[in-house]
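Numbering of ligands and ligand atoms starts at 1, following listing order. Keep in mind that this is a model prediction, so the values were computed, not measured.
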Amino acid sequence: MPMGRYLREHPTLKYFFFGGKGGVGKTVFAGAAAIGLARQGRRTLLVSTNPVHSLTGLFGYDMLGKHVPVEGVPNLWAFEIDTRESIERSKVEIREKIRWFLKFADITTKADDFVESATMNPAFEESAMFENMIDLMFKNEYDVYVFDTAPTANARRLLGMSSVYSLWVNKMLKSREEARTLREMLSFTKKKETDPLMEYLVSFRDRMEHARKLLTDPTLTSFFFVTLPEALPIAVVTRFIQWFKDFGIPVGGVLVNMVIDSASLGPNAAVFVKNRVAMQQEHMQTIWREFDDSVRAIVPLFDAEVRGVPMLQRLCDAIFAADGAKPAQSAGVGTPHEVAART
Ligand SMILES: Nc1ncnc2c1ncn2[C@@H]1O[C@H](COP(=O)(O)OP(=O)(O)OP(=O)(O)O)[C@@H](O)[C@H]1O
Ligand SMILES: [Mg+2]
């Protein structure tokens with residue numbers, strides 16, 4: 001089912017994610033989709049959770065750490081999460097919590113040693129990004145959010161983390177609760193202790209649970225995968241779709257990028273170009289076989305890179321404008337041109 005029809009049939013979707021192997025076109029697809037959604041009159045925020053400065057490069061002006069209106073597209077704002085800033089903020093928060101805990105537990109070790117080991121972990125950066133992402137979702141200042149995610153391995157970990165967090169926090173809570181009851185039983189005063197760490201854990205767990213609800217709600221969230229007609233990106237998408245299904249995260253479908261239009265090749269086209277087209281056609285068959293009705297768009301390789309609003313609009317048209325039924329024989333052969341025409 002093509003993208004346009006898919007979106008018409010899922011009008012309540014609010015959180016759009018674009019994932020896939022490195023370099024396949026996640027950022028440009030997220031940008032183009034955001035333009036399409038904004039043009040429907042919905043207040044749209046395009047967000048990059050990718051630590052590499054992708055949106056600033058896409059539009060050509062600075063969007064780091066602030067919501068910037070996109071020139072020439074009413075209803076569209078773009079925002080590049082400032083990873084460094086958010087990591088520093090998380091470090092400060094975690095340092096306070098560790099200090100408090102060490103004091104509470106009568107441990108004399110310096111908090112900084114713990115903070116270093118807790119924050120040197122690459123997962124710490126990801127969890128800081130995740131927190132940023134869900135903060136945006138909870139604030140709910142826009143009608144639609146389009147997330148350009150870091151290469152999908154991270155995206156999946158990010159989303160998977162919410163269920164891991166819940167498990168972990170529940171365990172922590174249980175043992176803290178036991179410890180508290182024990183302390184109260186042993187103490188002579190009958191006054192109840194307040195436990196800031198426990199309060200923090202409870203609020204953290206509730207946040208994660210809220211995030212999990214939003215991210216697994218198929219009426220709100222949809223994760224789209226971008227691939228090329230090439231073996232590795234296809235393998236990546238296949239693997240991630242399975243993982244996402246296991247996590248209960250709704251998959252919106254697959255978008256195929258950079259398909260060479262064989263009709264544009266003259267008889268004298270270079271051999272390597274012809275070979276490339278043949279290779280793409282073979283992989284297109286795999287794509288139809290593997291993803292079948294989940295294929296949402298086949299996008300041609302343009303003659304220039306996709307930067308700036310006019311180019312993104314062109315990409316947006318290529319993603320949305322096409323409509324029609326699924327090809328009669330989904331595993332069927334066809335030149336990329338025919339395939340593009342069928343969608
Ligand atoms: N259909 C297309 N035709 C021509 N160029 C394209 C097309 N799609 C993407 N590009 C170009 O390919 C490059 C990679 O695209 P993009 O940055 O969106 O990929 P990405 O998946 O976000 O990469 P990363 O994993 O590094 O974040 C960019 O220079 C972009 O302009
Ligand atoms: Mg990118």
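Using a 3.5 Å distance cut-off with no hydrogens or angles, the side chains of Thr44 and Asn75 do not pair a donor with an acceptor.
In this structure, Phe240 and Phe244 have perpendicular ring planes: the angle between them is above 60°, well past the 30° mark.
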*Intermediate values then yes/no, side chain to side chain contact (heavy atoms under 4.5 Å, CB included), Asp317 and Arg314*: CA-CA 5 Å; Asp317 292 342; Arg314 202 174 147 198; 5.6 Å; no
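Neither the backbone nor the side chain of Val226 has a heavy atom within less than 4.0 Å of ligand 1.
Listed by chain and number, the residues in a ring pair (Phe, Tyr, Trp, His ring centres under 6.0 Å) with Phe138 are His210 (sequence neighbours excluded). Taking Asp303 as the reference, nothing meets the side-chain hydrogen bond (donor to acceptor under 3.5 Å, both in side chains) condition, with sequence neighbours excluded.
Panel note: side chain Tyr61, backbone Glu71; a donor-acceptor pair is recorded below 3.5 Å. Of the possible polar contacts, one joining the Thr56 side chain to the Met63 backbone as a donor-acceptor pair under 3.5 Å is found. At least one donor-acceptor pair under 3.5 Å links the side chain of Gln280 to the backbone N or O of Met258.
Of the N or O atoms in Asn257, one or more lie within a sub-3.5 Å distance of an N or O in ligand 1. Residue Val299 has no nitrogen or oxygen atom sitting less than 3.5 Å from a nitrogen or oxygen atom of ligand 1, judged on distance alone. In terms of polar-atom proximity, Phe302 is counted as a contact of ligand 1, with an N or O under 3.5 Å from an N or O of the ligand. On a distance-only criterion, Arg307 and ligand 1 share no N/O pair closer than 3.5 Å. Residue Gly25 places at least one N or O, backbone or side chain, under 3.5 Å from an N or O of ligand 1. Considering both main-chain and side-chain atoms, Pro300 comes within under 3.5 Å of ligand 1 through a nitrogen or oxygen pair. Between Phe29 and ligand 1, a contact under 3.5 Å exists for no N or O pair.
Identified under the ring-ring contact (aromatic ring centres under 6.0 Å, His included) test for residues 79-98, with sequence neighbours left out: His67-Phe79.
At a threshold of 4.5 Å between non-hydrogen side-chain atoms, the residues Val47 and Ile81 count as touching. Under the 4.5 Å side-chain criterion, counting only non-hydrogen atoms from C-beta, Val24 is not in contact with Val237.
Considering only non-hydrogen atoms, atom 5 (N) of ligand 1 lies nearest to Ala304 out of Ala32, Ala304, Gly19, Gly22.
Protein atoms of type N/O/S that fall under 2.8 Å from the Mg ion (ligand 2) number 1 in this view.
Heavy atoms of Gly20 stay at 4.0 angstrom or farther from ligand 1.
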